[in-house]
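Atoms within each ligand, like the ligands themselves, are counted from 1 in listed order.
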Amino acid sequence: MNLVLFGPPGAGKGTQSKLLTEKRSLPQLSTGDMLRAAIEAGTPLGLACKALMAKGELVSDETVISIIAERYDQPDCKNGAVFDGFPRTVPQAEALDKMLAERGRKIDLVLELKVDDAALLARVESRIKAGGVLRSDDTPDTLRHRLQVYYLNTAPLIGFYKAQGKLKTLDGMAAIPEVTRQIDAALDGVAAKA
Ligand code: AMP
């Protein structure tokens with residue numbers, strides 16, 4: 001099964017992807033994690049993306065499409081994967097469909113975590129007050145910018161996947177176990193249809 005977890009930054013995609021990985025043995029393919037690992041390792045790719053990521057800008061479509069294709073061809077993706085933070089633009093979604101079609105696969109379901117922007121900003125502010133470990137892009141100003149980037153570039157994917165009949169919208173503001181329950185119910189629906 002190939003799933004896309006979709007939603008604005010801070011919606012809980014990473015948390016839910018990790019839970020899905022544990023329960024369904026589907027690897028989490030997070031382009032954000034892959035790019036952060038490249039920065040950490042000091043690779044040319046990491047160096048090229050570092051400043052854009054710190055500002056909350058998207059890196060190029062070609063960059064993420066090629067790292068996803070390489071990662072998807074690893075043996076642990078033989079039963080599918082959970083795409084987390086990818087695709088983020090219509091060209092990325094088109095490239096993903098093409099990549100999967102070339103491998104005789106497809107996206108089965110896109111789970112949109114719907115959240116309230118003001119609540120997301122309040123969460124970042126409370127993480128800062130609590131003195132938690134923050135990512136360099138985890139500040140109120142950067143989050144505001146990342147939300148703008150999301151609405152401009154990524155939100156059009158809602159229509160893209162709705163037109164394909166693959167979109168399922170969930171309440172991302174619910175408590176983590178409740179979101180997990182909603183995801184499980186959606187996945188059971190797909191399994192029942194298959
Ligand atoms: P994330 O961890 O998914 O929030 O991603 C962190 C940052 O990595 C984003 O703000 C972008 O700068 C970059 N990034 C991650 N995934 C993508 C993607 N699919 N397309 C473009 N940029 C991405």
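Of all protein heavy atoms, the one lying nearest to atom 16 (N) of ligand 1 is T31 OG1, 2.8 Å. Closest protein heavy atom to atom 14 (N) of ligand 1: L35 CD1, 3.6 Å. Protein heavy atom at the shortest distance from atom 7 (C) of ligand 1 is M53 CE, 3.8 Å.
The closest non-hydrogen atom to atom 9 (C) of ligand 1, taken over H145, Q92, R88, comes from R88. When the options E57, K13, R146 are ranked by their closest heavy atom to atom 11 (C) of ligand 1, first place goes to E57.
Ring geometry, Y150 versus F6: the interplanar angle falls from 30° to 60°, so the pair is classed tilted.
A salt bridge links D33 with R36: the closest approach of a Lys/Arg side-chain nitrogen to an acidic carboxylate oxygen falls below 4.0 angstrom. The existence of a salt bridge linking K78 and D76 is excluded, since no basic side-chain nitrogen approaches an acidic carboxylate oxygen closer than 4.0 Å. Between R71 and D84, none of the side-chain N atoms (NZ, or NE/NH1/NH2) sits under 4.0 Å from a carboxylate O, so this pair counts as no salt bridge. The existence of a salt bridge linking D73 and R103 is confirmed by a sub-4.0 Å separation between a basic side-chain nitrogen and an acidic carboxylate oxygen.
Polar contact check, V64 against ligand 1: no nitrogen or oxygen pair lies under 3.5 Å apart. Between V59 and ligand 1, at least one N/O pair is under 3.5 Å apart.
When each atom of ligand 1 is checked for a heavy atom of G85 under 4.0 Å away, the hits are 16 (N), 17 (C), 18 (C), 19 (N). Counting atoms of ligand 1 from 1 in the listed order, those under 4.0 Å from a heavy atom of L58 are 21 (C), 22 (N).
T21 contributes a side-chain N or O that, together with a main-chain N or O of L26, makes up a donor-acceptor pair within less than 3.5 Å.
Defined by atom type and a distance below 3.5 Å, a donor-acceptor pair is present between the side-chain atoms of D61 and T89.
Using a 4.0 angstrom heavy-atom cutoff, R36 counts as in contact with ligand 1.
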